[in-house]
Student: 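Just passing along the structure, written as structure tokens.
We count ligands from 1, going down the list as the structure has it; atoms in each ligand are counted the same way. The model shown is predicted, which means the values in this text are computed figures rather than measured ones.
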Amino acid sequence: METDIKLAIQHIDKKGFLDIEVPKTIDLVAEIKRLKKEKNAVILAHYYQEPAIQDIADYVGDSLGLSQEAEKVEADIIVFAGVHFMAETAKILNPSKKVIIPDLNAGCSLAEACSAEDLQAFKDKHPNHLVVTYVNTTAAVKAISDITCTSSNAKKIIDSIPLDQPIIFAPDKNLGDYINKLTGRNMLLWEGACIVHEAFSIEKLLTTHKKYPNARIIAHPESEAVILRAAEYIGSTSGLINYAKNTDALEFIVATEAGILHEMQKEVPHKKLIPAPAKEDNTCACSECHFMKMNTLQKLYICLKHELPEVTVPEDIRVKALKPIQRMLELSAK
Ligand code: 13P
Ligand code: SF4
């Protein structure tokens, strides 16, 4: 067993997680709860995580809520059940804590679409522009940004910038286009997109709506403009959950990653939630983020047990990346 672990540690960078066997007799939930206490750890999870992970987490939230929560953590270890940029943000905000993630390869198509080198070259071409980046970016990209935003505060952040100040918005062109329309701005948009939200089919969505004519279509702003035009409400994951909770409608067609349905259904057990259909036929008839789903309960258990893989950020990058995140958090609190 000891040699298995040593070998797995050697391969962790390639594999992304400690690939060791867990006896079938182990009660993962009970063991995770025990280890959490023993090691003084907290689990922060995004709404797109598998239900079993959401259920065992100390806090489940959207990107903004998770950052605010991560900053406040007093425990020694943060187990981040989300994607890599989220765990990095937690480390940037709370560097004295050990931040671990069940699978290091849990990336994001938006973060991948925008390297620091490419963004720097774009900035150099537009030197009078302010750079606003969505939090779905690497620490290195945040380090060369002026301010970050999430889907729940993007409008507020952009509205805080003087109207005559030109802006580069990266990397999500769909969110950027939506905010341009909302604010009447003409921000320069980076050509990035979320593969999960671009997977929705407008034809299938309208067919589903015909089947459930009383259902409200609600969508995440990472979705394409054609989907957003059909939506009655557009918001972040927590915004979508609150909308389903606080409106009288009894049926909703939900255009975001299907993991959200778990928490949403808990909040509105009497309401019907229909996942928006994807262009390609697939087994879930919905859209799932394969990055988010790389984290499993078993990987979370192994990660907490061995405190690996750890998410680290070089100190010079961390210090620079902290500034735009802090500016965002200060503005969000107002
Ligand atoms: P929010 O949870 O902030 O709405 O963002 C969704 C997302 O893209 C997570 O990857
Ligand atoms: Fe990235 Fe989209 Fe997955 Fe969110 S749902 S982590 S934006 S790929």
Side-chain angles (χ1 to χ4, degrees), residues 16 44-50 53-54 57 59-70 80-90 101-114 132-138 141 148-157 169-176 178-179 190-200 218-224 227-228 231 233-244 254-264 275-276 278 282 284 286-295 311 325 328-329 332:
L44 306 184
H46 189 264
Y47 290 125
Y48 297 164
Q49 291 293 286
E50 63 174 44
I53 292 183
Q54 292 190 43
Y59 176 85
V60 188
D62 70 359
S63 311
L64 178 64
L66 285 163
S67 306
Q68 290 163 331
E69 206 58 31
F80 210 107
V83 289
H84 193 267
F85 75 79
M86 295 178 172
E88 254 186 357
T89 305
I101 186 167
D103 192 328
L104 264 185
N105 286 332
C108 168
S109 67
L110 279 167
E112 276 171 17
C114 184
V132 181
T133 50
Y134 195 30
V135 283
N136 298 41
T137 46
T138 61
V141 163
T148 60
C149 72
T150 75
S151 53
S152 60
N153 61 20
K155 183 176 179 300
K156 195 172 191 179
I157 300 293
F169 187 88
D172 189 357
K173 61 176 181 184
N174 292 318
L175 176 63
Y178 170 63
I179 298 295
W190 192 265
E191 262 300 307
C194 161
I195 44 170
V196 178
H197 289 87
E198 285 222 317
F200 295 119
I218 58 176
H220 194 279
E222 288 173 15
S223 309
E224 291 172 304
I227 301 287
L228 297 183
Y233 174 79
I234 297 164
S236 70
T237 48
S238 53
L240 295 171
I241 292 171
N242 287 334
Y243 184 80
V254 186
T256 193
E257 210 271 357
I260 198 176
L261 300 175
H262 181 62
E263 179 63 25
M264 206 180 257
N282 58 32
C284 76
C286 65
S287 192
E288 283 195 310
C289 177
H290 74 277
F291 296 115
M292 285 280 183
K293 287 342 193 236
M294 280 180 182
N295 297 328
V311 175
I325 303 173
M328 169 187 83
L329 293 178
S332 299

Student: Which ligand 1 atoms are under 4.0 Å away from a heavy-atom of Ser63?
Tutor: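 It comes down to these atoms of ligand 1: 1 (P), 2 (O), 3 (O), 5 (O).
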Student: What atoms of ligand 1 come within less than 4.0 Å of a heavy atom belonging to Asp62?
Tutor: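 Those atoms are 1 (P), 2 (O), 3 (O).
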Student: Determine the minimum heavy-atom distance between Phe80 and Met86, stating which atoms define it.
Tutor: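 Answer, listing the atom of Phe80 first, then Met86: CE2-CB, 3.3 Å.
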Student: Restricting to non-hydrogen atoms, name the atom on Tyr134 and the atom on Glu222 that form the minimum distance, rounded to 0.1 Å.
Tutor: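 Closest heavy-atom pair between Tyr134 and Glu222: OH-OE2, 2.5 Å.
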Student: At a 4.0 Å threshold, what atoms of ligand 2 neighbour a non-hydrogen atom of Cys289?
Tutor: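 Those of ligand 2 that fall under 4.0 Å from Cys289 are 3 (Fe), 5 (S), 6 (S), 8 (S).
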Student: Indicate the atoms forming the closest heavy-atom contact of Ala87 with Val311, along with that distance.
Tutor: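 So the minimum-distance heavy-atom pair works out to CB-CG2, 3.9 Å.
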Student: Closer than 3.5 angstrom, by distance alone: can the side chain of Thr148 be matched with the main-chain N or O of Val135 as a donor-acceptor pair?
Tutor: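 Not a single qualifying donor-acceptor pair exists.
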Student: Are Leu329 and Leu64 close enough, and set up right, to give a side chain to side chain contact (heavy atoms under 4.5 Å, CB included), and what steps lead you there?
Tutor: CA-CA 8 Å; Leu329 293 178; Leu64 178 64; 3.9 Å; yes
Student: Check Ile101 against Gly82 and note the closest heavy-atom contact, atom names and distance.
Tutor: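 Answer, listing the atom of Ile101 first, then Gly82: CD1-O, 3.6 Å.
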Student: Which ligand 2 atoms are under 4.0 Å away from a heavy-atom of Cys194?
Tutor: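 Checking each atom against Cys194, I get 2 (Fe), 5 (S), 7 (S), 8 (S).
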Student: Do Met328 and Thr150 pass the side chain to side chain contact (heavy atoms under 4.5 Å, CB included) test, and can you show the C-alpha distance, the side-chain angles, and the key distance before you say yes or no?
Tutor: CA-CA 9 Å; Met328 169 187 83; Thr150 75; 3.9 Å; yes
Student: I need the atoms of ligand 2 closer than 4.0 Å to a non-hydrogen atom of Leu110, numbered in the order shown.
Tutor: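 Reading through ligand 2 atom by atom, the close ones are 7 (S).
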Student: Can you say whether the rings of His220 and His197 are parallel (under 30°), tilted (30 to 60°) or perpendicular (over 60°)?
Tutor: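 Plane angle between 30° and 60°, so tilted.
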Student: Pull out every atom of ligand 2 sitting under 4.0 Å from any heavy atom of Asn136, numbered as shown with elements.
Tutor: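 Once the distances to Asn136 are compared, the set is 7 (S).
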Student: Where is the nearest protein heavy atom to atom 4 (O) of ligand 1: which residue, which atom, and how far?
Tutor: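 Checking every protein heavy atom, the shortest distance to atom 4 (O) of ligand 1 gives His220 NE2, 2.7 Å.
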Student: Are any of the N/O atoms on His197, whether in the backbone or the side chain, positioned under 3.5 angstrom from an N/O atom of ligand 1?
Tutor: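 No, there is no polar N/O contact under 3.5 Å.
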Student: Heavy-atom contacts under 4.0 Å between Asn136 and ligand 1: side chain, backbone, both, or neither?
Tutor: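 For Asn136, the contact with ligand 1 is made by the side chain alone.
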Student: Identify the closest protein heavy atom to atom 8 (O) of ligand 1: which residue and atom is it, and at what distance?
Tutor: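 Ranking protein heavy atoms by distance from atom 8 (O) of ligand 1, first comes Glu222 OE2, 2.6 Å.
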Student: Any heavy atom of Ser151 sitting closer than 4.0 Å to ligand 1?
Tutor: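 Yes; Ser151 lies near enough to ligand 1 that a heavy-atom distance drops under 4.0 Å.
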Student: Using a 4.0 Å heavy-atom cut-off, which part of Tyr47 comes near ligand 1: side chain, backbone, both, or neither?
Tutor: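 Within the 4.0 Å criterion, Tyr47 makes no contact with ligand 1.
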Student: Show which atoms of ligand 1 fall inside a sub-4.0 Å distance from at least one heavy-atom site of Met86.
Tutor: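 Near Met86, the atoms of ligand 1 are 9 (C), 10 (O).
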Student: Minimum heavy-atom separation for Tyr47 to Val60, with atom names?
Tutor: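 Taking Tyr47 first and Val60 second, the nearest heavy atoms are CD2-CG1, 3.5 Å.
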Student: Any idea which protein heavy atom is nearest atom 1 (Fe) of ligand 2, and the distance to it?
Tutor: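 Ranking protein heavy atoms by distance from atom 1 (Fe) of ligand 2, first comes Cys108 SG, 2.4 Å.
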Student: Give the atoms of ligand 2, by number and element, whose distance to some non-hydrogen atom of Glu222 is under 4.0 Å.
Tutor: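 So the answer, numbered in order with elements, is 2 (Fe), 7 (S).
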Student: For Ser236, take its heavy atoms, then give the atoms of ligand 1 lying under 4.0 Å from any of them.
Tutor: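 Reading through ligand 1 atom by atom, the close ones are 4 (O).
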Student: Checking side-chain polar atoms at under 3.5 Å, does Tyr178 have a donor or acceptor matched by the opposite partner on Ser223?
Tutor: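 Result is no, nothing qualifies.
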Student: Ser109 heavy atoms, cut-off 4.0 Å: which ligand 2 atoms fall inside?
Tutor: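 That gives atoms 1 (Fe), 8 (S) of ligand 2.
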Student: Which one holds for Met292 and ligand 1: side chain close, backbone close, both close, or neither close, with close meaning a heavy atom under 4.0 Å?
Tutor: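 The part of Met292 near ligand 1 is the side chain, not the backbone.
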Student: May I ask you to decide if Ala193's main-chain N or O and Ser109's side chain share a donor-acceptor pair within less than 3.5 Å?
Tutor: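 Confirmed, Ser109 side chain pairs with Ala193 backbone.
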